[in-house]
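Each chain gets a letter, A, B and so on, in the order its sequence line appears, and its residues count up from 1.
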Protein chains: 4
Amino acid sequence: MDFELPERARAVEARVRAFYETKILPRHDEWVRAQRRGEAFAPLTTIRAEARAQGLWNLALPDLAPDEPGTRLSNLEYAPVAEIIGRLGWAPLAFNCQPPDVPNMIMLQHMANAEQKERWLKPLLEGRTRSCFGMTEPAVASSDATNIATRIERQGDDYVVTGRKWFITGAAHPDCSFCILLGVSDASADRTRRHTAVIVPMNAPGVRVVRSQRYFGLEDQIAPIGEIVFERVRVPIENRLGAEGEGFRGGQTRLGPARLHHCMRAIGMAELMVELMMARAAERKAFGRSVVEYDTVQRWIAEARIEIERTRLLILRTAWLLDRSGHEAAWRDVSLIKVAAPAMLQTIADRAAQIFGAMGGSDDVPIHRAFVHARMLRIGDGPDEVHVRQIFRQEPRPAWSIATSPYVIGAE
Amino acid sequence: MDFELPERARAVEARVRAFYETKILPRHDEWVRAQRRGEAFAPLTTIRAEARAQGLWNLALPDLAPDEPGTRLSNLEYAPVAEIIGRLGWAPLAFNCQPPDVPNMIMLQHMANAEQKERWLKPLLEGRTRSCFGMTEPAVASSDATNIATRIERQGDDYVVTGRKWFITGAAHPDCSFCILLGVSDASADRTRRHTAVIVPMNAPGVRVVRSQRYFGLEDQIAPIGEIVFERVRVPIENRLGAEGEGFRGGQTRLGPARLHHCMRAIGMAELMVELMMARAAERKAFGRSVVEYDTVQRWIAEARIEIERTRLLILRTAWLLDRSGHEAAWRDVSLIKVAAPAMLQTIADRAAQIFGAMGGSDDVPIHRAFVHARMLRIGDGPDEVHVRQIFRQEPRPAWSIATSPYVIGAE
Amino acid sequence: MDFELPERARAVEARVRAFYETKILPRHDEWVRAQRRGEAFAPLTTIRAEARAQGLWNLALPDLAPDEPGTRLSNLEYAPVAEIIGRLGWAPLAFNCQPPDVPNMIMLQHMANAEQKERWLKPLLEGRTRSCFGMTEPAVASSDATNIATRIERQGDDYVVTGRKWFITGAAHPDCSFCILLGVSDASADRTRRHTAVIVPMNAPGVRVVRSQRYFGLEDQIAPIGEIVFERVRVPIENRLGAEGEGFRGGQTRLGPARLHHCMRAIGMAELMVELMMARAAERKAFGRSVVEYDTVQRWIAEARIEIERTRLLILRTAWLLDRSGHEAAWRDVSLIKVAAPAMLQTIADRAAQIFGAMGGSDDVPIHRAFVHARMLRIGDGPDEVHVRQIFRQEPRPAWSIATSPYVIGAE
Amino acid sequence: MDFELPERARAVEARVRAFYETKILPRHDEWVRAQRRGEAFAPLTTIRAEARAQGLWNLALPDLAPDEPGTRLSNLEYAPVAEIIGRLGWAPLAFNCQPPDVPNMIMLQHMANAEQKERWLKPLLEGRTRSCFGMTEPAVASSDATNIATRIERQGDDYVVTGRKWFITGAAHPDCSFCILLGVSDASADRTRRHTAVIVPMNAPGVRVVRSQRYFGLEDQIAPIGEIVFERVRVPIENRLGAEGEGFRGGQTRLGPARLHHCMRAIGMAELMVELMMARAAERKAFGRSVVEYDTVQRWIAEARIEIERTRLLILRTAWLLDRSGHEAAWRDVSLIKVAAPAMLQTIADRAAQIFGAMGGSDDVPIHRAFVHARMLRIGDGPDEVHVRQIFRQEPRPAWSIATSPYVIGAE
């Protein structure tokens with residue numbers, strides 16, 4: 001047992017941190033102002049090129065093939081990197097580590113054949129396009145996949161897709177060129193065998209992004225959320241990922257990493273919240289005392305420290321387990337962090353907001369963003385309630401019953 | 001002791017409810033769509049005229065003078081009304097009961113002389129203009145009034161106002177015609193005697209609304225928040241409310257009602273959250289059960305009911321006390337509800353969001369609005385921490401010490 | 001609506017308070033030391049006689065018949081009295097207001113015939129004996145009455161009772177002379193019609209108090225908890241209360257008041273906790289400050305004040321509703337307070353313990369007792385979970401569904 | 001970074017587990033019944049001999065000297081052992097790993113000279129006697145050492161000790177033969193230099209154990225708590241540990257391990273709570289469902305799993321850090337776990353109590369014990385508030401202020 005990050009992880013962390021501090025953070029002001037004006041942030045292209053030139057590219061893909069561009073990091077090695085770049089919404093873009101593209105790349109690595117990889121995966125790996133994943137639907141509880149209603153019907157050499165997806169992260173981004181869509185191809189099949197995954201180009205006839213959406217008032221400018229209508233959209237059968245009926249299982253391959261990375265970034269945001277609280281409290285005065293002398297503030301910061309440290313350890317262990325034993329073995333632990341990390345961050349962000357007064361809820365500081373990241377993560381990729389249920393089911397029952405338990409000593 | 005609302009209150013509640021259900025709620029869809037298009041909602045004028053014609057006007061002003069338009073309700077009588085119209089952001093407009101105008105009217109009733117009432121209060125009572133209250137400042141903890149930095153300097157027959165105010169509710173509304181501003185006129189005076197209140201027309205030279213602001217992503221379309229710069233703004237001394245140095249005390253007169261009304265509306269929103277949860281849970285299925293059969297959902301709804309019932313009672317008692325014994329007597333109790341009500345609503349709204357899945361955080365449902373009302377109320381009009389401190393200070397010490405306490409029975 | 005206690009309530013409150021402060025509290029030290037030595041507290045007899053002579057007797061019985069001794073108070077009038085005497089475990093004894101005798105008296109008032117009243121109720125009303133109520137059983141979840149296993153079989157003119165009851169409050173008291181026992185007389189009947197209530201003298205052959213029990217380490221010296229074995233105990237059919245099959249409904253008549261009184265006493269204990277916190281914090285120093293200057297302490301006290309005030313109001317309203325409209329009408333509200341009051345007290349007592357350091361958990365101060373009162377009340381007379389369920393079931397669904405709700409404004 | 005326990009740790013864990021399951025747990029019933037009868041548990045001597053013969057002795061002492069009996073385990077290696085033996089109060093006795101003797105042994109290892117080790121440490125290492133540590137005092141907040149009032153005065157070749165200590169764990173045990181006492185030898189010295197540690201034999205004239213004490217109703221039968229009066233007790237100067245004025249620093253050497261071990265045992269108890277909840281919920285039925293099907297129960301168990309996993313990791317990392325870098329380096333992290341572990345256990349135990357109904361608070365199940373372990377740990381060895389403060393103080397401030405922060409992007 002060893003709690004020190006491996007040397008390679010520390011080395012890449014140091015390089016990413018340096019890049020972040022010198023190339024990204026100093027330009028954050030520019031980025032924000034461009035966004036406020038509704039403009040693209042032109043320097044991003046150069047920054048990305050620079051990151052890639054330094055070998056800081058596609059860092060979140062442990063199974064990067066030899067001919068795929070980027071530096072292969074294990075999940076464990078990626079953890080400290082994700083924390084750093086999780087601090088700013090746009091920082092992951094610099095390293096081509098942004099969601100939902102990374103989980104989509106992982107899904108394509110698992111399910112796509114050679115032609116599909118060439119056509120859909122490669123541009124993503126190169127950072128030349130963007131993508132989305134179409135699962136959630138408006139009319140049903142999508143966390144239970146059996147509720148999915150979008151139909152995928154075979155007609156000759158095509159599939160015809162009909163349905164509506166919403167809260168699709170990235171769908172409203174102008175660069176989003178395709179959607180990996182999950183729909184029902186055989187409603188009579190077993191609950192994990194009835195879905196098929198097909199790639200739907202966003203410019204296919206019948207695809208319509210009806211509107212962009214926000215969650216708790218946050219416009220995600222990196223991967224703006226969209227609602228999509230699919231009206232009898234035809235895609236060739238070559239666009240099917242894996243076999244018919246393998247969509248559900250295929251989707252699972254992207255879920256583990258998606259959840260893990262969200263949790264890692266949540267730690268980064270929580271650290272940022274602590275820094276903000278420390279700075280703010282130290283420079284404010286109220287009722288004759290520095291705010292930092294109020295022990296409520298001290299307590300909130302100390303409790304944040306406790307929550308961050310222990311949640312990070314759980315995330316790191318999950319990453320380590322994933323690297324070592326694969327997705328199935330780490331399934332329960334992914335659920336553990338998926339519940340723990342957003343709860344941690346939501347509380348910390350809420351308290352940061354309180355310490356900051358009115359400013360804390362404004363768009364001037366990243367507290368609202370951190371809060372919404374947490375709040376949305378409690379719903380997205382499976383709500384807390386589903387994960388809680390999964391965790392519970394993995395809990396063994398003791399060999400004894402209450403009546404036979406050696407720990408229960410009754411009256412007579 | 002009697003827990004039944006007085007007959008007059010029930011009568012006016014019934015009339016407001018009928019108006020709300022027939023004239024307002026059915027047009028909410030229109031209102032929202034107009035807002036989404038960035039347009040004004042034309043039918044509002046007619047709706048207001050109709051409400052006023054029915055005598056449902058200025059319902060939140062217990063001290064309405066005989067010659068002032070509207071129906072005088074006591075604070076207690078207003079409570080059920082406020083709950084109903086608190087459900088929708090724009091409903092209070094119909095009855096001219098919207099903040100921050102109502103607290104401003106109350107402040108003017110207390111502090112303005114006859115000329116000032118004619119010029120500034122009357123148009124508000126008639127619903128012909130809008131107003132804002134300028135207290136909070138960006139650079140300091142404004143809950144401690146001694147931190148206020150905006151200066152009000154006498155120069156001949158004018159005051160010259162210099163400073164910056166932000167998070168000023170209503171300031172960014174196009175109809176906002178004046179600001180009741182609190183600034184420092186004598187920095188050397190006692191902490192409650194150094195501020196003066198002056199009325200600053202929003203079109204005075206040097207007044208500049210720098211930007212509109214949001215809190216946790218919510219654009220308040222009824223009274224949009226603004227940041228205002230005052231650059232050597234000249235106002236005649238006739239615009240001073242009360243004497244020099246009376247600004248702090250004068251501001252207090254509006255704070256009690258402002259807080260009370262916010263809390264009443266919070267109850268209305270909480271009731272709406274419960275309705276939404278009931279409807280949603282009953283019609284969703286997940287993992288083979290109706291969502292309503294999950295006892296977590298049952299618990300959240302039951303706990304919401306408990307919190308609503310007991311917080312409402314506290315609010316009603318505070319209103320009753322205010323009616324009966326005035327502001328000073330009710331001061332502690334206003335703090336009690338000011339802490340209790342937003343905490344209640346924030347939790348309920350958060351749980352409603354969880355039950356609703358992704359939709360719960362969208363702009364399609366009023367959960368985000370309710371959440372932000374609560375979140376902001378924990379900061380606005382004095383943060384929780386200041387009220388907690390006030391409550392604590394009113395708590396009596398027992399006559400005994402631990403050493404002499406009849407409740408402490410030691411060893412020997 | 002009127003939040004002032006009626007005059008009669010205030011008058012009786014003042015008299016009970018005076019009695020408590022002059023006759024009871026000053027002798028608490030003696031009482032505790034007697035208990036510690038395992039001795040009876042001889043002066044109690046005189047104190048009770050004195051209270052009765054002052055007309056302060058059987059104050060918790062709103063339906064006291066004209067020929068029954070005591071002063072009839074409504075539930076609302078009893079509330080402030082219960083708060084005062086709830087502060088000390090033994091204080092209710094002075095006024096013959098102690099549980100479980102009071103709920104038993106109420107049940108007897110409802111169910112007993114004239115002979116039964118003479119034989120069993122009268123001695124209780126006179127304070128000449130004690131009683132217990134036998135419902136909870138060790139092997140099953142007794143909150144679901146269908147789980148009850150104790151059998152009551154008719155044999156000639158007798159019933160034969162066989163079973164085991166535990167956590168029977170008062171059963172281990174030497175003065176406990178009879179048990180009102182709930183058992184199954186017809187297992188095939190409807191779930192609310194299968195139980196019968198019989199009175200079992202504690203000295204009947206086959207009744208055996210196996211042991212006394214504690215909850216979270218508290219020995220309830222006023223009504224010590226006991227586990228009772230009933231081995232083929234014969235009681236004459238005259239001991240049956242009401243008809244066969246009416247036991248469940250009969251038991252309900254005592255539950256409302258039992259729960260209400262527990263909650264009222266919980267408020268009294270919470271007030272005592274606040275006094276203890278105020279005294280302790282004010283006289284301690286740590287790290288150069290008076291403990292009272294730490295805002296965590298201030299917050300705990302202020303939050304206690306909020307919780308006490310609003311929970312008390314809910315209890316008072318429930319008492320008022322019970323007086324006005326009876327048990328059925330108040331059923332939901334009894335559940336509301338049954339969940340709210342112990343949660344309130346448990347948190348307050350826990351925080352008091354924290355402020356007191358090691359002493360806070362000792363037997364020298366009444367914090368442990370308050371904590372256990374709360375903790376046990378979350379289980380006793382129906383666990384939180386059962387009440388939550390009841391509350392939920394009373395919650396109406398709105399007329400609209402999500403799809404038709406005027407509050408939900410979707411995309412198109 | 002590696003999350004697998006080292007092989008040696010796993011080996012010793014397996015051996016302790018086997019011993020626990022075959023030699024200790026099967027006799028727990030006997031132990032409890034002996035305690036209930038107030039008798040000693042005779043077989044303990046044999047069990048201890050057997051454990052020692054197997055080399056399972058003094059496992060909690062990483063700095064065991066070559067000539068001292070026992071198996072030296074690092075703190076990290078001890079962690080899984082502590083979890084197992086923490087499940088039962090008396091299990092640590094079998095391996096001579098019980099508090100407060102272990103921390104006392106560690107303090108003696110650090111401070112005692114050769115003669116003192118021979119006289120006081122050796123019997124402890126051999127398990128031939130018991131000890132206590134006298135710090136906490138009744139009249140003051142002892143967490144602030146400057147409050148300590150017990151005086152140690154030099155008179156010739158003796159020290160004269162005068163004072164009162166309470167809540168001294170182990171002091172009321174008949175085998176406790178000496179107390180390591182902390183008192184003030186020079187009140188004028190610096191706050192960390194004014195205390196001296198002396199060993200006071202419990203049979204010295206003037207030492208009087210006034211009474212035994214309980215915390216939240218728990219009699220600690222392994223190391224019963226006592227209140228001790230020291231009335232002009234004379235001890236020879238040879239009994240002084242270290243130099244005069246070094247008592248405070250000396251006391252610190254025992255605090256790290258004391259806290260760490262308490263936290264490790266808390267994990268063991270939490271695991272036991274989960275087992276109890278799983279067993280109980282699975283075998284109970286209420287309202288037509290198995291209790292385990294209620295998602296509140298599932299949630300409580302899942303949340304317990306999350307809390308246990310991440311708190312355990314934090315404890316393991318702290319043990320690892322202590323082994324690697326020593327006490328000073330691990331100081332903050334000891335505070336982290338000292339706050340986190342009892343909060344975790346208290347919540348879990350409270351929920352276990354709720355699931356168990358009345359039985360959950362009884363002496364038949366170990367829930368009350370686990371609860372009190374947690375509750376007391378929030379006070380003992382420094383209350384939460386002191387640790388929170390320590391943690392806060394270690395938190396670095398960012399290089400930027402709010403005004404200069406790259407994360408804060410204002411209006412203009």
Open item on the list: Is it the case that the side chains of Q390(B) and R332(B) hold a donor-acceptor pair, with the cut-off being a distance below 3.5 Å and no angle test?
Closed with: no
Open item on the list: If I measure from the heavy atoms of chain C, does W400(B) come under 4.5 Å with its side chain, its backbone, both, or neither?
Closed with: both
- [ ] Against chain C, work out which of H28(B), R305(B), R397(B) has the most heavy-atom pairs shorter than 4.5 Å and name it.
- [x] R305(B)
TODO: Starting from the C-alpha separation in whole Å, work towards a yes-or-no answer on salt bridge (charged side-chain N to carboxylate O under 4.0 Å, His left out) for E83(B) and R265(B).
DONE: CA-CA 5 Å; E83(B) 287 190 24; R265(B) 284 188 296 266; over 6 Å; no
Task: Heavy-atom contact with chain B under 4.5 Å, split by part of L276(C) - done: both
Task: Pair E275(C) + R87(C): basic N to acidic O under 4.0 Å - done: yes
Task: Best-contacting candidate, L336(B), L5(B), I402(B), L314(B), against chain C by heavy atom pairs under 4.5 angstrom - done: I402(B)
Task: Residue part contacting chain C, namely of M359(B), when any heavy atom lies under 4.5 Å - done: side chain
- [ ] Examine whether an atom of I301(B) lies under 4.5 Å from a heavy atom of chain C, and if so say whether it belongs to the side chain, the backbone or both; otherwise answer neither.
- [x] side chain
Task: Greatest number of heavy atom pairs closer than 4.5 Å to chain B - which of P26(C), P366(C), S362(C) - done: P366(C)
- [ ] Check whether E303(B) gets within reach of chain C through its side chain, its backbone, both or neither, counting any heavy atom under 4.5 Å.
- [x] neither
Open item on the list: Is A281(C) close to chain B through its backbone or its side chain, or both, or neither, when contacts mean heavy atoms under 4.5 Å?
Closed with: neither
Open item on the list: Quick check on V365(B) against chain C: is it the side chain, the backbone, both or neither that has a heavy atom closer than 4.5 Å?
Closed with: both
- [ ] Identify the residue among Q394(C), H387(C), R393(C), R389(C) that makes a side-chain hydrogen bond (donor to acceptor under 3.5 Å, both in side chains) with S335(C).
- [x] H387(C)
Task: Derivation and outcome, side chain to side chain contact (heavy atoms under 4.5 Å, CB included), residues T296(C) and R299(C) - done: CA-CA 5 Å; T296(C) 296; R299(C) 174 180 291 262; 5.6 Å; no
Open item on the list: Just so I understand: if I count every heavy-atom pair under 4.5 Å between each of D363(B), D295(B), L321(B), L316(B) and chain C, which residue has the most?
Closed with: L316(B)
TODO: Just give me the residue among L76(B), V339(B), V274(B), L272(B) that pairs up with chain C most often, heavy atom to heavy atom, under 4.5 Å.
DONE: L272(B)
Task: For chain C, the option from V388(B), I409(B), L25(B) that forms the most heavy-atom pairs under 4.5 Å - done: I409(B)
Open item on the list: Whether E309(B) and R317(C) form a salt bridge (side-chain N of Lys/Arg under 4.0 Å from carboxylate O of Asp/Glu) is what I want to check.
Closed with: yes
Open item on the list: Among R324(B), M278(B), E385(B), which residue has the highest count of heavy-atom pairs closer than 4.5 Å to chain C?
Closed with: M278(B)
- [ ] Please work out which of the three classes, parallel, tilted or perpendicular, describes the rings of W90(C) and W31(C), given edges at 30° and 60°.
- [x] parallel
Task: Spatial distance of atom NE2 (H373(B)) from atom CG (L345(B)) [nearest 0.5 Å] - done: 6.5 Å
- [ ] May I ask you to say whether R312(C) pairs ionically with E307(C), meaning some side-chain N is under 4.0 Å from a carboxylate O?
- [x] no
